[in-house]
Amino acid sequence: MLEYDKFKCVQEHSADLALIINQLGYEDVHNWLMIASGIKSVDFNWNRFDKTGAGWCRPAYEYDVAKSKITQLYLNELTVFNYIWGGFESLLSKMYSKSQIKKKGKVNLCVEKFEDLKKFPVLKYEVLKKQFFALFKSSLEKKLIEYKKDIPKEEIRIIYNIRNKFAHGDLEFPEDMEYNGNLIYPTNLIKLINYSSRVVICHIQSLIFLSNRNNTVYSYLSELFTNVDIDDYGDDLFQVDFILPRLHLKEIDKNEIP
């Protein structure tokens with residue numbers, strides 16, 4: 001199995017994390033993640049209210065169809081991302097006081113939380129991080145996204161700025177390659193948003209882990225991981241510091257189960 005194939009999809013990851021953190025008192029974050037997990041598709045038509053009669057012109061019609069398809073893929077990822085980001089901000093609002101947030105900002109407080117850690121709490125996170133930076137670099141080189149500021153080393157700060165581009169109307173929208181040769185591989189931009197969601201979920205997961213590592217939760221172990229049979233374990237209660245670092249993986253090492 002390839003490294004990237006060992007991770008759950010973004011939305012399953014969101015649902016599983018919501019299941020666990022709701023037991024720890026993070027109901028608001030749980031709600032954001034459940035909405036993100038439940039989005040199947042954004043129903044979208046680029047030229048829904050066409051008044052030009054483009055349907056009578058085959059090239060114009062084909063362009064609209066292609067534009068709709070590529071934009072719908074993009075909107076699906078952006079919509080999921082925005083609810084995950086909402087959960088992230090909701091968590092930071094719960095963790096820090098208004099005065100702390102006003103003084104330093106939510107994302108800066110988050111970065112500080114991880115500065116002194118020798119290793120990120122989520123297992124195999126470096127795989128996701130590496131892929132995120134590869135997609136970000138590729139999107140910059142292919143001019144799928146503009147980034148005029150100095151690029152920070154922290155991926156969560158980059159994602160914060162990408163999110164602001166969307167919120168402030170500065171984010172580019174992809175075109176189908178057949179109709180715009182300047183935009184090579186627009187799917188890279190769509191994948192970048194997907195991996196941004198993955199990175200943000202892992203930060204939510206890690207922040208909650210650091211605050212609750214000694215707590216115990218009902219783990220639904222055989223439901224969360226594909227290679228575990230609950231009949232092998234009489235008790236499904238496990239500590240947070242076992243479940244949360246592994247929650248995003250499809251399978252776990254059975255030898256590590258307490």
Side-chain angles (χ1 to χ4, degrees), residues 2 4-22 28-51 54-55 58 60-90 128 131-132 135-136 138-139 142 144-145 159-160 162-180 183-205 220 223-224 226 247-250:
L2 296 174
Y4 301 118
D5 293 334
K6 294 178 180 179
F7 298 92
K8 298 171 184 174
C9 72
V10 168
Q11 289 176 283
E12 183 181 7
H13 185 183
S14 293
D16 290 353
L17 181 56
L19 179 68
I20 297 301
I21 68 175
N22 198 39
D28 290 343
V29 185
H30 161 272
N31 291 340
W32 283 99
L33 295 182
M34 286 302 293
I35 294 172
S37 73
I39 297 168
K40 291 184 177 180
S41 177
V42 176
D43 189 7
F44 175 78
N45 184 327
W46 176 259
N47 215 351
R48 179 184 172 192
F49 296 105
D50 176 43
K51 302 296 185 356
R58 186 174 182 84
Y61 170 76
E62 290 177 349
Y63 170 79
D64 282 352
V65 170
K67 183 72 172 178
S68 288
K69 286 180 179 179
I70 198 71
T71 304
Q72 181 166 351
L73 292 172
Y74 193 45
L75 291 179
N76 287 345
E77 292 298 343
L78 273 177
T79 304
V80 171
F81 168 79
N82 274 297
Y83 281 101
I84 290 171
W85 185 267
F88 177 59
E89 291 223 24
S90 175
L128 295 177
Q131 183 66 0
F132 168 80
L135 288 165
F136 178 65
S138 173
S139 295
K142 293 175 170 57
L144 296 174
I145 191 170
I159 294 169
Y160 173 62
I162 292 174
R163 176 262 175 195
N164 284 347
K165 283 179 176 291
F166 172 74
H168 301 149
D170 293 328
L171 196 62
E172 296 290 334
F173 287 89
E175 293 272 1
D176 189 276
M177 288 186 293
E178 184 177 347
Y179 296 94
N180 191 333
L183 286 179
I184 304 172
Y185 303 123
T187 52
N188 278 17
L189 185 56
I190 295 168
K191 287 180 180 178
L192 176 64
I193 303 301
N194 178 275
Y195 270 83
S196 296
S197 294
R198 290 178 180 272
V199 167
V200 176
I201 297 176
C202 286
H203 277 71
I204 295 172
Q205 191 169 322
Y220 304 90
E223 303 299 326
L224 292 180
T226 59
L247 188 68
H248 54 295
L249 301 173
K250 293 178 182 178

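Note that the structure is predicted; figures quoted are calculated from it, not measured. We count residues from 1, following the sequence as given.
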How many angstroms lie between CZ in Phe81 and CG in Leu78, if you round to the nearest 0.5 Å?
-> 8.0 Å
CG of Leu75 to CG of Asp43: how many Å apart, nearest 0.5 Å?
-> 11.0 Å
For the student: nearest non-hydrogen atoms of Met34 and Ala18, plus distance | SD-CB, 3.6 Å
Kindly compute the distance separating CD1 (Ile20) from CG (Leu33), expressed to the nearest 0.5 Å.
-> 12.5 Å
So, the side chain of Asn76 versus the backbone of Ser41: is there a donor-acceptor pair under 3.5 Å, distance only?
-> no
Do any N or O atoms from the side chain of Gln11 and from the backbone of Ile39 form a donor-acceptor pair under 3.5 angstrom?
-> yes
Which is it for His248 and Ile201 under the side chain to side chain contact (heavy atoms under 4.5 Å, CB included) test, yes or no, and what are the steps along the way?
-> CA-CA 9 Å; His248 54 295; Ile201 297 176; over 6 Å; no
Side chain of Lys8, backbone of Ser14: donor and acceptor closer than 3.5 Å?
-> no
Is Arg198 positioned over the aromatic face of Tyr195, cation under 6.0 angstrom from the ring centre and no more than 45 degrees off axis?
-> yes
Taking all atoms of both residues into account, what is the closest heavy-atom pair of Ser139 and Leu192, and its distance?
-> OG-CD2, 3.9 Å
Where Ile204 and Val29 come nearest, the two heavy atoms and their spacing = CG2-CG1, 4.1 Å
Pair Ser197-Glu77, side-chain donor/acceptor within less than 3.5 Å = no
With a 3.5 Å cut-off and no angle check, do the side chains of Asp28 and Ser90 form a donor-acceptor pair?
-> no
